[in-house]
Structures are given as C-alpha cells and as structure tokens.
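Side chains are part of it too, since the values below use all heavy atoms of this structure and drop only hydrogens, waters and symmetry mates.
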Amino acid sequence: MNNSHSKSTKSIVATAFFAAIIYLGIQSFRIPLPAAVGTPFLHFGHIFVMLAIICLGSKKSAVAGVTGLIIFDIVNGFIHAIPNVFVCTLLKCFVVGAVFNSLKNRAKDEKQEYIYAIICSALYGVVTIVFDFIWSSAELVILGSTLKAALLAEITSIPATIINAVFTVIGITILYKPVVTAYKRILR
C-alpha cells in the first residue's frame with residue numbers, strides 16, 4: 001500500500017473512530033439537567049467533539065461530530081433536534097477549528113498549545129450557549145410562543161448549557177495531553 005493510501009485510510013479510520021466515540025460519549029453517560037425547554041443532560045459528547053476538532057481539524061471533526069451526534073439523536077428519538085445539532089455542530093467545528101488552528105500555528109511550545117486548546121474549548125462552550133439560545137428561542141416562536149415567553153423559557157434553560165460548557169472545558173483540561181499524545185503516536 002502506498003503512503004497516500006495509508007494516510008487516507010488512517011484519516012477515514014480516525015474520523016470514524018471519533019464519530020463512534022462521540023456517540024458513545026453521550027449514549028453511555030447521561031445525567032439529566034433541569035430546564036424549562038428541552039431535555040438537556042450532562043454528557044461527554046461535547047468533550048469528544050472538541051477533541052475531534054483538536055486532532056482532526058475543522059472538516060473531519062465536522063463529519064465526525066455531525067455523524068456521532070445525529071446517530072445518537074436517531075437512536076434515542078431526538079429526531080426533532082437534528083436540524084439544530086447539524087447546523088450548530090458544523091458551526092462549532094468550523095469556527096472553533098479555525099481559531100484553534102490559527103492559535104496552534106502561533107504556539108511557541110506544547111504548553112502554549114495546551115492553553116490554546118483550553119481557550120478554544122471555552123469558545124466552543126460560548127458558541128454552544130449563544131447558538132442554542134437563538135435556535136431554541138426561534139423554534140418556540142415558530143411553534144406559537146410570544147417572543148417574550150420564548151426568551152424567558154430559554155433564559156431559564158441556559159444554566160444546563162453552561163454546565164455542559166464548563167464540563168467540556170474541564171474535560172479538555174484533563175484529556176488534552178493524553179489524547180493528543182496517543183493520537184500523534186497512532187498516526188505515525
């Protein structure tokens with residue numbers, strides 16, 4: 001097998017691996033969180049999407065993230081959430097991936113790259129909070145709520161999203177070094 005085929009195969013396998021681990025990160029660990037809208041829960045899915053962004057880059061992490069999250073939604077009856085998940089995951093992977101890649105290229109050493117990964121995981125959380133707030137508010141208005149009622153309902157649901165955002169930052173803080181080290185070793 002020539003080198004380009006080997007790299008292509010490794011890339012496909014790595015993307016599929018992250019899609020699977022994203023799915024399993026939600027499927028196997030869920031703690032329900034209170035919210036006025038939706039059925040949020042604490043899970044590892046966002047941590048693994050962020051690790052995919054770090055390891056795979058924007059495009060491949062978008063494929064892995066969308067695939068893993070949508071399979072979870074289909075299997076667990078969250079079909080109605082698929083448009084939000086699809087659009088928000090693409091947005092996060094491309095925006096956060098571009099920011100991380102830019103910062104990584106400027107990093108002077110591995111410690112600085114690690115700090116940039118943590119900063120980008122916080123950015124991932126902020127993008128999630130803002131986008132979910134806007135999307136869910138719009139959904140409620142489309143379904144017949146007044147704008148005021150929709151905004152109020154979403155404001156009461158923000159703490160659950162913030163909890164997941166903080167959990168993502170903590171997860172990246174802990175998992176970044178071992179996962180990136182293993183990923184680099186495997187892809188040699």
Side-chain angles (χ1 to χ4, degrees), residues 18-19 22-23 25-26 29-70 72-73 76 78-104 115-176:
F18 272 100
I22 289 164
Y23 165 76
I26 304 172
F29 176 81
R30 287 181 274 175
I31 298 173
L33 297 170
V37 179
T39 54
F41 40 84
L42 185 66
H43 59 82
F44 286 107
H46 293 301
I47 294 168
F48 293 132
V49 172
M50 188 61 213
L51 286 168
I53 291 168
I54 290 166
C55 293
L56 302 175
S58 298
K59 292 177 186 175
K60 293 173 191 164
S61 68
V63 171
V66 165
T67 303
L69 295 171
I70 288 179
F72 170 82
D73 286 340
N76 291 282
F78 295 111
I79 307 287
H80 63 282
I82 289 175
N84 179 341
V85 168
F86 180 83
V87 173
C88 189
T89 302
L90 289 178
L91 175 76
K92 288 185 286 193
C93 288
F94 285 115
V95 170
V96 176
V99 171
F100 179 71
N101 190 48
S102 175
L103 292 173
K104 180 180 172 183
I115 291 167
Y116 290 154
I118 294 168
I119 291 168
C120 285
S121 67
L123 173 62
Y124 179 98
V126 170
V127 171
T128 300
I129 292 163
V130 170
F131 195 81
D132 280 355
F133 180 82
I134 293 168
W135 186 284
S136 296
S137 296
E139 267 184 350
L140 290 173
V141 169
I142 290 168
L143 293 172
S145 291
T146 65
L147 180 59
K148 184 178 179 180
L151 294 175
L152 184 61
E154 280 309 307
I155 287 170
T156 63
S157 297
I158 286 177
T161 310
I162 292 171
I163 290 168
N164 263 314
V166 170
F167 189 59
T168 301
V169 173
I170 293 167
I172 294 303
T173 301
I174 296 167
L175 295 174
Y176 175 82

Practice prompt. Using the side chain to side chain donor-acceptor pair (under 3.5 Å) rule, collect all pairs that involve residues 46-65, keeping only residues at least two apart or in two chains.
Written response: Ser11-Lys60, His46-Tyr124

Worksheet, complete the sentence: Sorted by chain and residue number, the side-chain contact (heavy atoms from CB on, under 4.5 Å) partners of Ile79 (sequence neighbours excluded) come out as Ile74, Ile82

Worksheet item: For Thr89 and Val66, which heavy atoms make the closest approach, and how far apart are they?
Response: CG2-N, 3.6 Å

Worksheet, complete the sentence: When rounded to the nearest 0.5 Å, the distance separating CD1 of Ile118 from OG1 of Thr168 is 13.0 Å

Worksheet entry | Student check: side-chain heavy atoms of His43 and Phe72 closer than 4.5 Å | no

Worksheet item: Can you tell me if Thr173 uses its side chain to pair, donor with acceptor, with the backbone of Val169 under 3.5 Å?
Response: yes

Practice prompt. Measure the spacing between OH of Tyr116 and OG of Ser121 and express it to the nearest 0.5 Å.
Written response: 14.5 Å

Response to the item:
Of all heavy-atom pairs linking Gly45 and Ile26, the shortest is CA-CG1, 3.6 Å

Discussion item. Within the structure provided, determine whether Phe18 and Thr67 are in side-chain contact (heavy-atom separation under 4.5 Å).
Written reply: no

Worksheet item: Taking only residues two or more places apart in sequence, or in another chain, which ones meet Phe86 in a ring pair (Phe, Tyr, Trp, His ring centres under 6.0 Å)?
Response: none

Worksheet item: What class does the angle between the rings of Phe100 and Tyr176 fall in, given that below 30° is parallel, 30 to 60° is tilted and above 60° is perpendicular?
Response: perpendicular

Worksheet entry | Partners passing side chain to side chain donor-acceptor pair (under 3.5 Å) against Asn101 (at least two apart in sequence or in another chain) | none

Worksheet item: How many angstroms lie between CD1 in Ile134 and CD in Glu154, if you round to the nearest 0.5 Å?
Response: 10.5 Å

Worksheet item: Between Ile155 and Pro159, which heavy-atom pair has the shortest distance, and what is it?
Response: O-CD, 3.6 Å

Fill in: By ring pair (Phe, Tyr, Trp, His ring centres under 6.0 Å) - contacts of Phe167 (at least two apart)
Phe44

Practice prompt. State which residues pass side-chain contact (heavy atoms from CB on, under 4.5 Å) with Ile162; sequence neighbours excluded, sorted by chain then number.
Written response: Ile129, Ile158, Val166

Discussion item. Suppose the criterion is ring pair (Phe, Tyr, Trp, His ring centres under 6.0 Å): which pairs have a residue in residues 146-165, not counting sequence neighbours?
Written reply: none

Worksheet entry | Student check: side-chain heavy atoms of Ile53 and Met50 closer than 4.5 Å | yes

Fill in: For Leu140 against Ala150, the heavy-atom pair lying closest together
CB-CB, 3.7 Å

Discussion item. Does anything in residues 48-68 form a ring pair (Phe, Tyr, Trp, His ring centres under 6.0 Å)? List the pairs, not counting sequence neighbours.
Written reply: none

Worksheet entry | Pro40 vs Thr161 side-chain heavy atoms within contact, under 4.5 Å | no

Discussion item. Please enumerate all residues that pass side-chain contact (heavy atoms from CB on, under 4.5 Å) together with Ala62, with sequence neighbours excluded.
Written reply: Leu90, Cys93, Phe94

Worksheet item: Quick one: CZ on Phe133 to OG on Ser137, what's the gap to the nearest 0.5 Å?
Response: 4.0 Å

Worksheet entry | Value rounded to 0.5 Å, distance of CD1 in Ile31 from CZ in Phe41 | 11.5 Å

Worksheet item: Quick one: does Val87's side chain get under 4.5 Å of Trp135's, heavy atoms only?
Response: yes

Discussion item. Going by the rule side chain to side chain donor-acceptor pair (under 3.5 Å), which residues pair with Thr128 if we only count those two or more places apart in sequence or in a different chain?
Written reply: Lys92

Discussion item. If I compare all heavy atoms of Ile172 with all of Ile47, which pair ends up nearest, and what's the gap?
Written reply: CD1-O, 3.7 Å

Item to complete: Only counting residues at least two apart or in another chain, list the ones meeting side-chain contact (heavy atoms from CB on, under 4.5 Å) with Leu123.
Response: Val96, Val99, Val127

